[in-house]
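Report on one structure; see the data block that follows.
Reminder, nothing fancy here: chain letters follow the sequence lines and each chain counts from 1.
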There are 2 protein chains.
Amino acid sequence: MVPKKEIATHKLTIYDVAREANVGVGTVSRVLNNHPSVTPQTRQRVLDVAARLNYQPHTYAQRLAKRQSETISAIIPFFTNYFFIEILQGVQDRISQLGYDLVLYGVNNLDQVEGYVSRALQRGRVDGILLFSMKLPEKVILRLKETNVPVVLVDTISPYFDSISVANFDGAYAATTHLIELGRLPVGMVNAPLVSTPAVERLQGYKHALETHGVEYSDDLVKTGYSTKQDGFNREAGYEAMVDFIKMGENMPKAFFISSDIQAMGAIAALSENELRVPDDIAIVGFDDIELARHLKLTTMRQPMYQMGILAVDRVVTRMSNTNLEILHTTFSPTLIVRESCGALRNSDGTREPSPRVTPSSEGSLR
Amino acid sequence: MVPKKEIATHKLTIYDVAREANVGVGTVSRVLNNHPSVTPQTRQRVLDVAARLNYQPHTYAQRLAKRQSETISAIIPFFTNYFFIEILQGVQDRISQLGYDLVLYGVNNLDQVEGYVSRALQRGRVDGILLFSMKLPEKVILRLKETNVPVVLVDTISPYFDSISVANFDGAYAATTHLIELGRLPVGMVNAPLVSTPAVERLQGYKHALETHGVEYSDDLVKTGYSTKQDGFNREAGYEAMVDFIKMGENMPKAFFISSDIQAMGAIAALSENELRVPDDIAIVGFDDIELARHLKLTTMRQPMYQMGILAVDRVVTRMSNTNLEILHTTFSPTLIVRESCGALRNSDGTREPSPRVTPSSEGSLR
DNA sequence: ATGAAAGCGCTAACAT
DNA sequence: ATGTTAGCGCTTTCAT
């Protein structure tokens, strides 16, 4: 019998494969699902037939019968925030590696969250949910909780769910300390409004650094912009805050810890419009290490975004198989990446002034 | 009978609703699918019961029975390219509006494309595929073609599929013309290697502009970087190309059309490292209008990315219901956005030098 | 180890 | 207009 290669016609089911291989559908299913109790011979025969017929299981029939969706959905703020996009890469890569599907819900407006959560929660639709950095309405939390679908939070924290985040306090502390040790006093801070946890924690870390090093704190050392989108972590807000600082004239701080790279970008723009040079006149350390930071030669606290994405997926997958795990909060320590904006580098060939506590930069090591 | 609110327990099917409402499952299904032939009274009764029981249809059972997936997948280059991210926003928004699911496949490496295509092509998995800007191996094209799943290409073109793209030739022509009319001669071009269609077309547009305006062309007016990731549309490549130009010394062009904003960013960095000021010494016009362009005050050719995303979705959806449509190529005309890098603006308050053919900038009008 | 049969939860064709 | 029933294509007992 000449094994003729069939064209992948429309409806080719497990029954066709079974008939062609002279076995029952059960066996075919077992083979396809790597069930142990199939003899190597039949297994091979079935596999051959399946290949010859170019058989493909129907995704949704499988999902229905198995009662699991093999998909994870990510609900992520989408107002072009590079920070999330980089995490998303890790998420996507890992999800694919594991053979799951990623269904993406992009939130442009907080009102959308509830709708997306409802959708994700629809019977059987997803096996797990990744929720990025959003303060959830109580109502939503309740729904999430009662449905029992695994949820992991990224870049936020809540007592009810697993979370992956970064040690904001430590990061702010390290950044500020770096500036202090460089002798760039006084060091101010550009922060986001205290509506988000990261903003609060970073402020505390900043203050603690001042305290520890015997530097006096004063309220006009910290400013926030007015633009509130993205919780104030946006370029305009950074610009606005720096403009305010510049109005202080002589009394303006000589260095700044800025709570996100994107705000730092705005701040630097404000500085340069006022003929203030970075790092000559003003030293700056940012937070996040988005790709842009490299372009701007910005010294910053790196959040391992890609890794965070990977981990978030791993965690949600773990929770899928083990219900009733303890709630786990994973925290990454940000790393100080020294580039030019802080003035620690003597010159562009990379020579660095001696400076304790500085973790060496390691460009591009993540990917 | 007291209508007691049930907790959404695990398995609540259409049968439960039917029983509780004293109708058959068919009727329930009809109600849920807005089938006309149901009396308003029964409809209401069913709806009430469904609501009280907090019934949710099982996604995959529906998809299996209906034989359609209500999902669209997007296969998109994922090496942090802001251009695609902005299109993706349009895609995501529209897909959600239409009640579909977006499953995202991010390609970091061209080798992954085939795997993702196979996955998307799996029986029943998706109703349509959006393919972003990738030169597809012949083999992949064939598979896509024979399965008959609607495909639309974004930012590339192929005779076999619908596509959404931008008039590269026209854009390059307009950008170059703008520079010529500003009198910034000679005007050079930073291009990407001619492996991608956009690079080829933009070069042609550039040359045509020179020709039309009686400016002589010469090969050393156009350079390309060495970094090849993202087909050469990356920051490093822009930097490298500009470094090469700078080596020309006095003979270096006084203005550049640069084939993407991200390259322009690198080019500007190279310039500033060499004490060359933009736009005072060198005028620049980019291409794309990614969010960054605004930050850089870059004059550029805007591609309506968000709109392109919307349109791509609409097209693929249209094709789902109407098989055998003619293949359609939709082309957007890019718009010149005048900011500061071309030197056309006299001062920062927005006063503009008279300059024909300039479409007025309209920041942020898209969203 | 394998086949037969009973679901999985829904839709749609067919009666009435 | 509505109830009944036969699929949709697969997995998973339950026999053997």
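Distance CZ (A:R67) to C1' (D:dT11): 8 Å, rounded to an integer number of Å. Rounding to whole angstrom units, CG of residue B:L32 and P of D:dT2 are separated by 15 Å. We find that CD of B:Q68 is positioned 14 Å from C1' of C:dA12, with the value rounded to whole Å. With rounding to whole Å, B:Y60 atom OH is found 19 Å from C:dC8 atom P. Distance NE2 (A:H58) to P (D:dG7): 18 Å, rounded to an integer number of Å. Atom-to-atom, NE2 of B:H35 to P of C:dC10 comes out at 19 Å; the value is rounded to the nearest Å. Summarising the geometry, the separation between CG on A:N34 and P on D:dT11 is reported as 12 Å, rounded to the nearest angstrom.
The side chain of A:A65 sits closest to D:dC10 out of D:dT2, D:dC10, C:dG9. Checking D:dC10, D:dT11, C:dA1 against every side-chain atom of A:S29, the shortest atom distance belongs to D:dT11. The B:P57 side chain lies nearest to C:dC10 when the options are C:dT2, C:dC10, C:dG9. Here the nucleotide nearest the side chain of A:K66, chosen from D:dA1, D:dT11, C:dT2, is D:dT11. Listed nucleotides C:dC10, C:dG3, D:dA1 differ in distance to A:R30; the shortest reach to its side chain belongs to C:dG3. The side chain of B:Y15 has C:dC10 as its nearest neighbour among C:dT2, D:dT11, C:dC10. Listed nucleotides D:dT11, D:dT2, C:dT11 differ in distance to B:T39; the shortest reach to its side chain belongs to D:dT2. Nearest nucleotide to the A:V25 side chain, out of D:dT11, D:dT4, C:dT2: D:dT11.
Ring geometry for B:F84 versus B:F132: interplanar angle over 60°, hence perpendicular rather than tilted (30 to 60°).
Using a distance-only test at 3.5 Å, with no hydrogens or angles considered, no donor-acceptor pair links the side chain of A:N33 to the main chain of A:H35. Between the side chain of B:D162 and the backbone N or O of B:V152, no donor-acceptor pair lies under 3.5 Å.
Nearest heavy-atom pair, A:A120 versus A:I129, reported as atom, atom and distance to 0.1 Å: CB-CD1, 3.8 Å.
In terms of position along DNA chain D, the nucleotide closest to B:P36 lies nearer the 5' end than the nucleotide closest to the other residue of the pair A:G26 and B:P36.
Residues A:Y116 and A:S73 have side chains that never bring a donor and an acceptor to within less than 3.5 angstrom of each other.
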